[in-house]
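Inspection log for the structure reproduced underneath, given as structure tokens.
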Amino acid sequence: MKQRWLTQWSVRHFLLSAENAITIYFQGDTLVQQNSRVAQLHRHILAQAPAWLEECVPAFDTLMLQYDGLSVDHYHVLQWLDGLEERHSESITSVHHTIDIVFDRADELDLNRVCSSLGMDRDAFIQRYCDAALRVYAIGFSPGFAYLGELPDSLQLPRRDEPRTVVPAGTLAIADAYTAIYPTESPGGWHLIGRYARHSKTLLSLNFKIGDTVAFRDVSGDE
Amino acid sequence: MSDALFQVKETAALSCIVDSGRRGMQAQGISASGPMDWFAYTINNRLLEHTEPAAQVEITAGQFRAVFARPLRIAITGGKAHCELNQQPIEQWKAVHVEKGDVLQLVIQPNAARLYLGVSFSIDSGTRYNSRCTVARENAGGLANDGKALNYNDTVYGAPTDVQYQREVDESRLSDLIRRVYQHGPIRVLPGEQVEVFSRLAWRRLLSESYTLTAQSNRMGLRLRGNPVQKMQFKMRSEPLSFGSMQVPPDGQPIIMMSDRQTLGGYPKLAKVAHVDLPRLAQTSIDQQISFSGADAVTARNDWRMLDLSIQRIFYTDSSS
């Protein structure tokens, strides 16, 4: 079987993840490029929505297709992918979100420790953090949890050695190259640096999509 | 119209309402959920002739008791248990008629993990994402739709379904199939996405050592303990997870992702449990030993199709065949 789709969609390779799932890995010079290609194929597949498709899950540089394994096999899925027509007319609508944050020095949060680990004072940290142009790379881990990145190197810390068992909804956190707001209360291993200035229930209405851009605004003094 | 079906008097370690799970929601970070033991869940629905995947009570480890509030047909499927109706033994894997006031008592055997209690009515409970699955950390499903499991004295309500007739079940074929699905032996695994990141020894070790199911296991994942498959810090981007994927964190102790798994995971995946062996894995109890053997995705899919055909034959043969 010739695999035209591999070049058409800039696919590096794919793997059988299960009897009824394949994971597609994308090429790209940058993560932004890979992630855009993920979003593009994801949108395309959803627009066709073949009956055998059970799940189509995008992540950073991967897309997983789960299909009805009793009706079709992976050869069928690959053949179908090969027949997908690329339509350039589709415009990609990404939304820009500006999100108000209260940075918090409270002891139960990690802001002070984060600043000293990164060797910068609080104002410098907040300044650089709010200057970062962020992108939604993936939604996952928990409902509506958006991985925003990538943080500049100077703001990166590996995740905590000991994950917390409870992180309150609406908490802003960082780990490695990513930052996120916990949409619901959950366990978490990220460093907590602040909180979403509005009620955490309004977070889900932001309806983050892969490719959306995000900037944070410090409203700590406004309270 | 919703009728009281039964009142829960003992909840075992966990009793929660599940159905076949959410569909097409993982892209938004919403767990797939669904039954831990898909075979026991599926057969239960077939025994009660539900035409749509119905909500059932998944009962984990220990003792469950309920009093029925109206006549019903029920079925109990899953791991081995002592099942009694009004202190008289009843069979598992069989539709049973109950009357108002009947007391059902289920005691799950130590070497089994979970049961499915199905009823001929359609259970009326919280719906989220088009499913009645109870997912605690998403506060979804359950009687109050807040993700809570069933509690002492909870009453479960339901509505009649339009099933009119009762088909014969080929019981000898069914018991033969049940024996095959839950037979002892290693759990078959396919190579995981990152199998090549691990040393060859890691894969061989997984297939030759045995692992113990730890008490930290739950509907999200089964945590195993044993000789570490490989201690390794491996940085990778989080990617989607399948039911049965085996992630290996830096301590080398495998975690098998189950029904309520998170949608993305950042640990390398050494293996994935074959779909046909997920029911057997789901029936492993805490402190039981698990061993693995290797399989490939194409063979494993064929095995799954054969199993599905066997199920079809038991429930869909007409008298002439």
Side-chain angles (χ1 to χ4, degrees), chain A residues 14-25 31 34-35 38 42 46 49 53-66 69-75 137-147 149 158-159 169 175-178 183-187 189 204 207-210, chain B residues 21-32 128-129 135-140 147 190-196 220 233 235-245 261-266 269 272-276 278 295-305 307-309 311-312:
Chain A
F14 63 87
L15 295 170
L16 297 190
S17 294
E19 296 94 329
N20 63 336
I22 65 169
T23 300
I24 301 167
Y25 295 79
L31 182 57
Q34 290 173 296
N35 191 244
V38 170
H42 180 232
L46 289 192
L53 186 69
E54 294 183 344
E55 293 284 344
C56 187
V57 191
F60 297 87
D61 56 348
T62 50
L63 183 65
M64 187 182 76
L65 268 68
Q66 186 195 307
L70 296 173
S71 308
V72 298
D73 60 8
H74 73 276
Y75 295 110
Y137 279 102
I139 314 283
F141 173 64
S142 67
F145 186 99
Y147 289 82
R159 60 184 65 199
D176 300 316
Y178 299 97
T184 49
E185 182 183 289
S186 76
L204 288 176
N207 198 17
F208 288 124
K209 292 261 183 309
I210 289 184
Chain B
R22 290 80 165 272
R23 174 136 175 197
M25 301 303 292
Q26 289 180 60
Q28 278 115 71
I30 293 152
S31 177
R128 193 75 64 81
Y129 314 124
V135 182
R137 72 172 197 291
E138 293 178 3
N139 305 318
L190 325 176
E193 288 89 335
Q194 283 77 38
V195 67
E196 282 164 16
M220 278 182 81
Q233 289 284 350
K235 237 175 116 78
M236 58 175 269
R237 296 198 178 106
S238 291
E239 55 183 52
L241 294 169
S242 297
F243 192 1
S245 273
R261 66 193 176 278
Q262 66 271 33
T263 58
L264 304 179
K269 296 175 284 294
K272 189 256 169 212
V273 174
H275 193 77
V276 286
L278 284 170
D296 67 86
V298 174
T299 312
R301 179 174 171 272
N302 282 335
D303 292 344
W304 176 18
R305 295 186 74 208
L307 176 53
D308 183 67
L309 282 174
I311 297 172
Q312 307 291 346

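So that the names make sense, note that chain A is the first sequence line, chain B the second, and so on, each numbered from 1.
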Is it the backbone or the side chain of A/Ala138 that comes under 4.5 Å from a heavy atom of chain B, or both, or neither?
side chain
Where does B/Ser31 contact chain A at under 4.5 Å (heavy atoms): side chain, backbone, both or neither?
neither
Please state whether the side chain, the backbone, both or neither of A/Ala18 comes within less than 4.5 Å of a heavy atom of chain B.
both
Taking only residues two or more places apart in sequence, or in another chain, which ones meet A/Tyr178 in a side chain to side chain donor-acceptor pair (under 3.5 Å)?
none
Top of A/Leu31, A/Leu46, A/Asp176, A/Asn207 for chain B proximity - count of heavy-atom pairs under 4.5 angstrom
A/Leu31
Quick one: closest heavy-atom pair of B/Met25 and B/Tyr129, and the distance?
CE-CD2, 3.5 Å
Between A/Asp73 and chain B, with a heavy-atom cut-off of 4.5 Å, which part of the residue counts as in contact: side chain, backbone, both or neither?
both
Tightest non-hydrogen contact, residues B/Ala32 and B/Gln26, listed as CB-NE2, 3.5 Å
Bottom line for A/Gln66: the part with an atom under 4.5 Å from chain B's heavy atoms is side chain
Considering only heavy atoms, which portion of B/Phe243 lies under 4.5 Å from any heavy atom of chain A: side chain, backbone, both, or neither?
neither
At a 4.5 Å cut-off on heavy atoms, which part of B/Leu241 comes close to chain A: side chain, backbone, both, or neither?
backbone
Part of A/Tyr25 within contact of chain B (heavy atom distance under 4.5 Å)
side chain
With only heavy atoms counted, which part of A/Leu70 is less than 4.5 Å from chain B, the side chain, the backbone, both or neither?
both
Does any backbone or side-chain atom of B/Glu138 lie under 4.5 Å from a heavy atom of chain A? Answer side chain, backbone, both or neither.
side chain
State which residues pass salt bridge (Lys or Arg N to Asp or Glu O under 4.0 Å) with B/Arg128; sequence neighbours excluded, sorted by chain then number.
none
Main-chain N/O of A/Asn20 paired with B/Arg301 side-chain donor or acceptor, under 3.5 Å:
no
Check: A/Tyr137 main-chain N/O paired with A/Asn35 side-chain donor or acceptor under 3.5 Å
yes
Is there a side-chain contact between B/Gln28 and B/Arg22, using heavy atoms and a 4.5 Å cut-off?
no
Name the option with the most non-hydrogen atom pairs under 4.5 Å to chain A; the candidates are B/Leu190, B/Leu264, B/Asn139.
B/Leu264
Portion of A/Ser17 that has a non-hydrogen atom of chain B nearer than 4.5 angstrom
both
Report which part of A/Ile210 has an atom under 4.5 Å of a heavy atom belonging to chain B: side chain, backbone, both, or neither.
neither
Looking at B/Lys272 and A/Glu19, does any basic side-chain N land under 4.0 Å from a carboxylate oxygen?
yes
Minimum side-chain heavy-atom gap A/Phe145-A/Ser186 below 4.5 Å:
no
Part of B/Lys269 lying under 4.5 Å from any heavy atom of chain A
neither
Below 4.5 Å from any heavy atom of chain A, which atoms of B/Ala274 appear? Answer side chain, backbone, both or neither.
both
Note: B/Ser242 and B/Arg261 closest approach over all heavy atoms is C-NE, 3.5 Å
